[in-house]
Q: 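Mind having a look at this structure? Questions to follow.
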Amino acid sequence: MTKTKYISKSMTRKERWNLFWERNRKSEGYLLKKKLGRFVYCVCRAFLIFGLCFLILQPLASKLSISLMEEQDLYDRTVINIPRHFSVSAYQIAWDMMDGIKTFWTSFYVSFLVAAAQVVSCTLVGYGFARFKFPLKNFWFACVILLIIVPPQTIITPLYLYFQDFDILGIIGLFNNGSGLNLLGSLTPYLMMCLGCAGFKGGLYIYMLRQHFRNEPKELEEAAYVDGCGRLRTFLQILLPGATPIITSCFLFSFVWQWTDAYYSRVFFARAYGWTLVTNRLTSLVDRLDAEYKAIYGQSFQIATAFGQQILSTATLMTLIPLILIYVVAQKNFVESLSQTGIKG
Amino acid sequence: MAEQKIRKRKKKQKSLARGNAIAGYLFISPLIIGFLLFLAYPLIQSFYMSFCTVSPVAGHGFEFVWSGLAHYRHIFTVDPDYTRLLLEELQKMALYVPSILVFSFFMSLLLNQEFKGRTFVRAVYFLPVILSSGVMVGLETNNALLSGVQDLIQEDTNGTSITATLESILLQGETGNKFFETIIQIVDEVYNIAIASGIQIIIFLSGLQTISPSMYEAATIEGCTGWESFWKITFPMISSLILVNVIYTIVDFFTKSDSEFMDMINETLLQNFNYGRVSAMSWVYFAIIIVILGIVSLIISKRVYYYD
C-alpha cells in the first residue's frame with residue numbers, strides 16, 4: 001500500500017505540480033473542475049465586492065478630490081480626478097462660510113448633551129424591560145415600538161405649539177399669570193424629549209439595550225441580591241460596568257445621528273438665535289456663499305455653480321471628518337452592538 | 001408552626017413580586033413620562049387638530065375651530081400634489097423594500113464567507129449607516145442654485161450611461177416592457193439601495209453567524225447540495241430576522257425626512273402655517289404606515305420558523 005501524499009510546504013513547485021496532476025488523474029478530472037470552479041467563483045466575488053465598495057466610497061473620494069482643486073481645475077476638462085493645481089483654499093472658504101469653530105463647537109456641545117441624555121434614560125428603561133416583571137409590561141413595550149414607528153412629522157406641530165406654551169397640568173401657569181413658558185429657542189425642549197426617551201431614534205436604543213441586558217446571566221444579579229445588595233445598587237455596580245461597550249455604542253450612534261440630523265435641528269434649534277448647528281449651516285451654505293459674493297461684487301454677480309458645488313463638497317467633507325474618525329476608532333463596537341440586536345429578534 | 005412558615009414565605013414572595021413591579025416601574029418611568037408628554041399627547045392633539053382650523057390669536061396661543069372633515073376632503077380632492085406624492089411614495093416603497101431586503105441578504109451571505117480583507121469590506125458596508133443619515137443625502141439637490149444644473153449635467157453626458165443604452169435596447173422588444181423598466185429602475189437606484197441597507201446587512205450577518213456549522217456538515221454528508229442547504233437550512237434559520245428587517249426597512253423608509261412627500265409636509269408647516277392641514281396630512285400617512293406594517297408582519301410572522 002502506498003502512503004497517500006499530500007501537498008506540503010517543503011515540496012518544490014514542480015513536485016507540487018506533479019502531485020496535483022496525479023491526484024487529478026486519480027479523481028478523473030473532478031479535482032481540476034472543482035479547483036477551476038472555485039477560482040472563477042472567487043474572481044467573480046472579488047469583482048462584485050470591489051464594485052460595491054467602490055459604489056459606497058466613490059462619493060467620498062470625489063468630494064475629496066474636488067475639494068483639493070483650485071478653481072481653474074474645475075473648468076478644465078482634462079482634469080478628472082487628480083487635481084493639477086493643489087490648493088486648500090476651498091477649505092479656508094468653507095470654514096469661514098460655516099463660521100468654523102463656533103458652529104462646530106455648538107454642534108458638538110448639542111450632540112454631546114443629547115447623546116448623554118438619551119443614553120442615560122434609555123439604559124434605565126432598557127434594564128427595566130429586560131429584568132423586571134410588572135403589570136402592563138407588554139403595553140409599555142408596545143409604546144416603545146410606537147416610539148419607533150411614529151414619523152416625527154406627525155407630532156412635530158403639536159410639539160412645537162406645546163413648547164411655545166409649555167406647561168405641565170397647569171402648574172407653571174399658576175406662577176406665571178396663567179400662561180406657560182416659551183421654551184422654544186433653547187436646548188431645553190429637545191433635551192427633555194431625550195430624557196423621556198422620545199428623542200430621535202430613542203426607541204431603537206431602548207430595544208438594543210434591552211436585548212443586551214436580556215442576554216446577561218441572571219445569576220449575576222441573584223448573587224448580588226443574596227448578598228444583600230439593593231436593586232439600584234445591583235444595577236449600578238454589577239450590570240452597568242458589563243454594559244459599557246453597548247452603552248458606548250448607543251452613545252456614539254446617538255451622537256452621530258444628532259450630528260447629521262437636519263429635521264429636529266431645523267425645527268428646534270434653527271430659528272433660535274445662537275443655535276446654529278453644522279447641518280443648518282450646511283443646507284444654507286451655497287445661498288450664503290452667493291449672498292456673500294453679491295455683497296462684495298454687486299447684485300448682478302452670480303457665483304459659478306461648479307465653485308458652489310466645490311465649497312459644498314468641502315464643507316460636507318469637513319462635517320464628515322469627525323464622524324469618520326469616530327467610526328474608524330469604534331468600528332468594531334458599532335458592528336458588534338448591532339449584531340446583538342438581531343439575535344432573538 | 002409549619003403553616004406559619006409557609007404563609008410567611010408566601011408573603012415574602014408576594015412582597016418580592018411587588019417590589020419587582022415597583023422597581024420595574026421606577027426604571028421605566030422616563031419612558032412613561034416621555035411617552036405621555038411627548039408622544040401620546042402630541043399624537044392625540046394632532047389628531048384633534050386635523051379636524052380643526054387652527055389660527056393664531058393675537059397675543060399668544062392658538063384658536064381651534066372645529067371644521068370636521070374639511071381638511072381631509074381638501075387634501076384628497078382639492079390638493080393637486082397630496083395624493084400623487086402619497087401614491088408615488090407607496091409605489092417607491094413597494095419597489096425599495098424588497099430590493100433592500102434582497103440586496104442586504106445577498107450581501108450578508110457574501111460577507112459571511114472567508115476572504116482576505118473581510119473586516120475592511122464590512123467596515124465599508126457599514127459606513128453608510130453613519131454617513132448617509134440625516135442631511136447628508138440629497139444635499140446636492142437641496143438648494144435652488146444646484147438643482148437646475150443637475151438636469152443640465154445629465155443631458156450633457158448622455159450616452160455614457162450603460163443602463164440607459166441597455167434600456168433602449170431592451171425596450172425595443174414588444175413584451176415585458178414594464179418588467180424591464182422596473183429592473184432598470186432598480187439598477188439605477190443601486191446606490192440608494194446600498195446605502196440604505198447597512199443595518200440590515202449587520203442584522204442578517206449576525207443571524208448567519210449563529211447557525212451552527214455542524215448543521216451544514218450533516219446536510220453535506222447526507223448529500224445535500226449547497227443550493228438545497230441554503231433553502232432548507234439558511235433561509236428558515238434566519239426567517240425571524242427577515243421579519244425584523246422588513247419592519248425596520250419599512251419604518252426607515254417612511255420616517256426618513258428627505259423624500260418629496262416630507263418636503264411637502266414641511267413646506268405646509270413652516271411656510272403656510274396651516275397646522276390643521278399638516279396634521280391631517282401626516283395622520284393619513286401615519287395610518288397608512290400602521291396598516292402596511294400590520295399586514296406585512298401578519299403575513300410574514302405566519303411563515304417565520306423559530307428554532308429552539
Side-chain angles (χ1 to χ4, degrees), chain A residues 45 49 52-53 55-57 121 124-125 127-129 132-135 140 143-144 146-151 153-155 157-159 161-162 165 179 193 195-198 231 256-257 260-263 279 282-283 286-287 290 305 308-309 316 320 323 327 331 334-335 338-339 341-343 345, chain B residues 20-21 23-25 27-28 30-31 33-35 37-39 42-43 45-46 60-62 110 121-124 126-128 130-131 133-136 139 142-143 145-146 149 191 194-195 199 202-203 206-207 210 240-241 243-244 251 254-255 257 262 265 269 275 278-279 282-283 286 289 293:
Chain A
R45 190 178 62 189
I49 286 172
L52 290 165
C53 278
L55 186 77
I56 289 170
L57 292 179
S121 58
L124 285 175
V125 175
Y127 180 67
F129 273 117
F132 296 105
K133 272 189 191 149
F134 46 87
W140 290 115
C143 294
V144 175
L146 206 61
L147 270 180
I148 300 178
I149 62 176
V150 172
Q153 280 78 4
T154 311
I155 56 168
T157 328
L159 273 180
L161 300 181
Y162 181 50
D165 194 10
S179 64
M193 280 174 70
L195 278 176
C197 304
R231 287 187 184 90
V256 163
W257 278 332
T260 55
D261 168 69
Y263 190 73
T279 45
L282 215 51
T283 36
V286 177
D287 302 329
D290 198 35
T305 316
Q309 184 79 308
T316 314
L320 291 179
L323 305 186
Y327 182 61
Q331 188 254 117
F334 274 119
V335 176
L338 265 178
S339 307
T341 325
I343 299 166
Chain B
N20 267 340
Y25 264 101
F27 270 110
I28 68 159
L31 171 81
I33 296 170
F35 176 79
L37 282 187
F38 305 126
L39 192 80
L43 207 57
Q45 177 91 343
S46 89
H60 90 288
F62 284 85
L110 264 186
V121 175
R122 276 193 198 180
V124 169
F126 195 51
L127 203 60
I130 289 169
L131 300 190
S133 53
V135 71
M136 297 309 160
L139 197 61
N142 248 352
N143 54 71
L145 205 67
L146 296 181
V149 180
Y191 176 70
I195 63 168
I199 287 185
I202 303 285
I203 290 177
S206 69
T210 58
S240 65
L241 294 182
L243 178 65
V244 172
V251 169
F254 276 128
T255 52
S257 48
M262 290 301 183
I265 287 188
L269 172 63
Y275 294 118
V278 169
S279 303
S282 45
W283 254 92
F286 178 52
I289 297 176
L293 276 179

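Here is how names work: the chains are called A, B, and so on, in the same order as the sequence lines, proteins then strands, and each is numbered from 1.
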Q: Can you see which heavy atom on A/Pro151 is nearest to which on B/Phe286, and at what distance?
A: CD-CD1, 3.5 Å
Q: If you tally heavy-atom pairs under 4.5 Å against chain B, which of A/Ala198, A/Cys143, A/Pro135 wins?
A: A/Cys143
Q: In terms of heavy-atom pairs under 4.5 Å with chain A, which of B/Gly34, B/Pro42, B/Ala23 leads?
A: B/Pro42
Q: Non-hydrogen atoms of chain A under 4.5 Å away: do they reach the side chain of B/Val278, the backbone, both or neither?
A: side chain
Q: Is the A/Phe132 ring parallel, tilted or perpendicular to the B/Phe27 ring (thresholds 30°, 60°)?
A: parallel
Q: Against chain B, label A/Leu195 side chain, backbone, both or neither, depending on which of its atoms sit under 4.5 Å from a heavy atom there.
A: backbone
Q: Residues two or more places apart in sequence or in another chain: which of them pass side-chain hydrogen bond (donor to acceptor under 3.5 Å, both in side chains) with B/Ser282?
A: none
Q: Relative to chain B, which of A/Val150, A/Val125, A/Ile155, A/Leu124 shows the most heavy atom pairs under 4.5 Å?
A: A/Val125
Q: Please state whether the side chain, the backbone, both or neither of B/Leu243 comes within less than 4.5 Å of a heavy atom of chain A.
A: neither
Q: Please tell me if the side chains of A/Arg231 and B/Asn20 come closer than 4.5 Å, counting only heavy atoms from C-beta onward.
A: yes
Q: Does A/Phe134 form a side-chain contact (heavy atoms from CB on, under 4.5 Å) with B/Ile28? I'd like the steps, not just the answer.
A: CA-CA 10 Å; A/Phe134 46 87; B/Ile28 68 159; 3.7 Å; yes
Q: Please lay out, stage by stage, how A/Leu159 and A/Met193 fare under the test side-chain contact (heavy atoms from CB on, under 4.5 Å).
A: CA-CA 10 Å; A/Leu159 273 180; A/Met193 280 174 70; 3.7 Å; yes
Q: In terms of heavy-atom pairs under 4.5 Å, which option from A/Leu147, A/Leu146, A/Leu52 contacts chain B the most?
A: A/Leu52
Q: Hey, is the main chain of B/Gly24 close enough, under 3.5 Å, to the side chain of A/Tyr127 for a donor-acceptor pair?
A: no
Q: Counting heavy-atom pairs closer than 4.5 Å to chain B, which one of A/Cys197, A/Ser121, A/Cys53 comes out on top?
A: A/Cys53
Q: Contact part of B/Ile289 toward chain A, heavy-atom cut-off under 4.5 Å: side chain, backbone, both or neither?
A: side chain
